[in-house]
Amino acid sequence: MAGLEVLYNYVINDIATPQDALVCFVHWELVKAGYKCLGNGEKPGIKDKRSELLPVNWNKGKNTYTLRYQSHKCKNILLMRAIMEEDRLINLAALRQKEVPDLTLELLEFVNPNHLHNFNKVYKNIEELRKIIKSAIIFTSFKKAEQDEIEEENINPERIKSAIMSYFSKDLLVPAVSPESLTTVGKLDASFEGPNSS
């Protein structure tokens, strides 16, 4: 929690709503999983840089958040769209236009709106929230990214397996034995005298 506390206090003057606090939490979980934030919006900007911090004006959309992330484990971009609807925050993550299952969070279940400027009291049910984010966004995103990279490289697992088996089977093939070689082996056996032959 130390990292989240530092991040929260860094942007505490930007926190104006419960959804701001919740997006901040989701952001930090992504950072812990190896993602870095590139910036705001769906398209790259000239000021983009990989950072653990939230970018300037990250919450300027009030009820809509759009942040781009990239993991050190893959080159694909994770686009996080968070939309406020009544008392729920609906998160829609996407990898290269391919949507990852959305996540709906009840704000008041995880954020105390009366303590937005007090980190020690602002979040509720932290472990439950962390598990939800890991299973619904992080794990799914990594699996989707791995699948995309395999498709991009045109890697066919069955083709690779066949090639490996074909390669190793060459060493397992028994070479053809000629009659001459058998005769030579027989002569060698007949001429060999063991230690007990006397």
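The figures here come from the full heavy-atom set of this structure, side chains too, leaving out hydrogens, waters and symmetry mates. Counting from 1, the numbers follow the sequence of the chain as shown. The structure presented is a predicted model; accordingly, all values stated were derived computationally and were not measured.
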Is there side-chain contact between Pro113 and Leu108, with heavy atoms separated by less than 4.5 Å?
-> yes
Hey, does Ile15 have a side-chain heavy atom less than 4.5 Å from the side chain of Asn13?
-> no
Which is it for Lys43 and Arg68 under the side chain to side chain contact (heavy atoms under 4.5 Å, CB included) test, yes or no, and what are the steps along the way?
-> CA-CA 8 Å; Lys43 297 181 180 180; Arg68 282 174 292 105; 5.8 Å; no
Heavy-atom closest pair, residues His115 and Val122 = O-CB, 3.3 Å
List the atom of Ala82, the atom of Val23, and the distance in Å for their closest heavy-atom pair.
-> CB-CG2, 4.2 Å
Would you check if Thr64 and Met84 make a side-chain contact, meaning some heavy-atom pair closer than 4.5 Å?
-> no
Could I get the full list of side-chain contact (heavy atoms from CB on, under 4.5 Å) partners for Glu109, not counting sequence neighbours?
-> Glu106, Asn125, Glu128
What do the steps show when you test Ile83 against Asn63 for side chain to side chain contact (heavy atoms under 4.5 Å, CB included), and what is the final call?
-> CA-CA 6 Å; Ile83 304 168; Asn63 291 328; over 6 Å; no
Can you list the residues that meet the ring-ring contact (aromatic ring centres under 6.0 Å, His included) rule with Phe110, with sequence neighbours excluded?
-> none
Which salt bridge (Lys or Arg N to Asp or Glu O under 4.0 Å) pairs, counting each pair once, include a residue from residues 15-30, with sequence neighbours left out?
-> Glu29-Lys32, Glu29-Arg130
Side-chain touch Gln70/Leu78, heavy atoms, less than 4.5 angstrom | no
Atom of Leu7, atom of Glu52 and distance for their closest heavy-atom approach | CD1-O, 4.3 Å
Give the C-alpha distance, both sets of side-chain angles, the deciding distance and a yes or no for side chain to side chain contact (heavy atoms under 4.5 Å, CB included) between His27 and Leu53.
-> CA-CA 9 Å; His27 166 86; Leu53 299 176; 5.6 Å; no
Taking all non-hydrogen atoms of both residues, which atom of Leu107 and which atom of Leu89 are closest, and how far apart?
-> CD2-CB, 4.2 Å
Measure the OG1-NZ distance between Thr66 and Lys60 for me, rounded to the nearest 0.5 Å.
-> 9.5 Å
Looking only at heavy atoms, what is the nearest atom pair of Leu4 and Cys24, with distance?
-> CD1-O, 4.2 Å
Could you tell me the separation between the CG atom of Leu22 and the OH atom of Tyr65, rounded to the nearest 0.5 Å?
-> 9.0 Å
Are any non-hydrogen side-chain atoms of Trp58 and Val11 less than 4.5 angstrom apart?
-> yes
Specify whether Tyr69 and Tyr35 have parallel, tilted or perpendicular ring planes, treating 30° as the upper limit for parallel and 60° as the lower limit for perpendicular.
-> perpendicular
Any side-chain heavy atom of Phe25 within less than 4.5 Å of one from Ile133?
-> yes
Could you label the plane-to-plane angle of the Phe119 and Tyr8 rings as parallel, tilted or perpendicular, counting under 30° as parallel and over 60° as perpendicular?
-> tilted
Does a side-chain heavy-atom distance below 4.5 Å link Leu30 with Met80?
-> yes
Between atom CG of Leu79 and atom CG of Leu67, what is the distance when rounded to the nearest 0.5 Å?
-> 8.5 Å
Residues in side-chain contact (heavy atoms from CB on, under 4.5 Å) with Glu85, at least two apart?
-> Arg88, Ile90
By side-chain hydrogen bond (donor to acceptor under 3.5 Å, both in side chains) - contacts of Asn57 (at least two apart) = none
Can you name the side-chain contact (heavy atoms from CB on, under 4.5 Å) partners of Lys131, sequence neighbours left out?
-> none
How far apart are the closest heavy atoms of Ala21 and Leu116, and which atoms are they?
-> CB-CD2, 4.4 Å
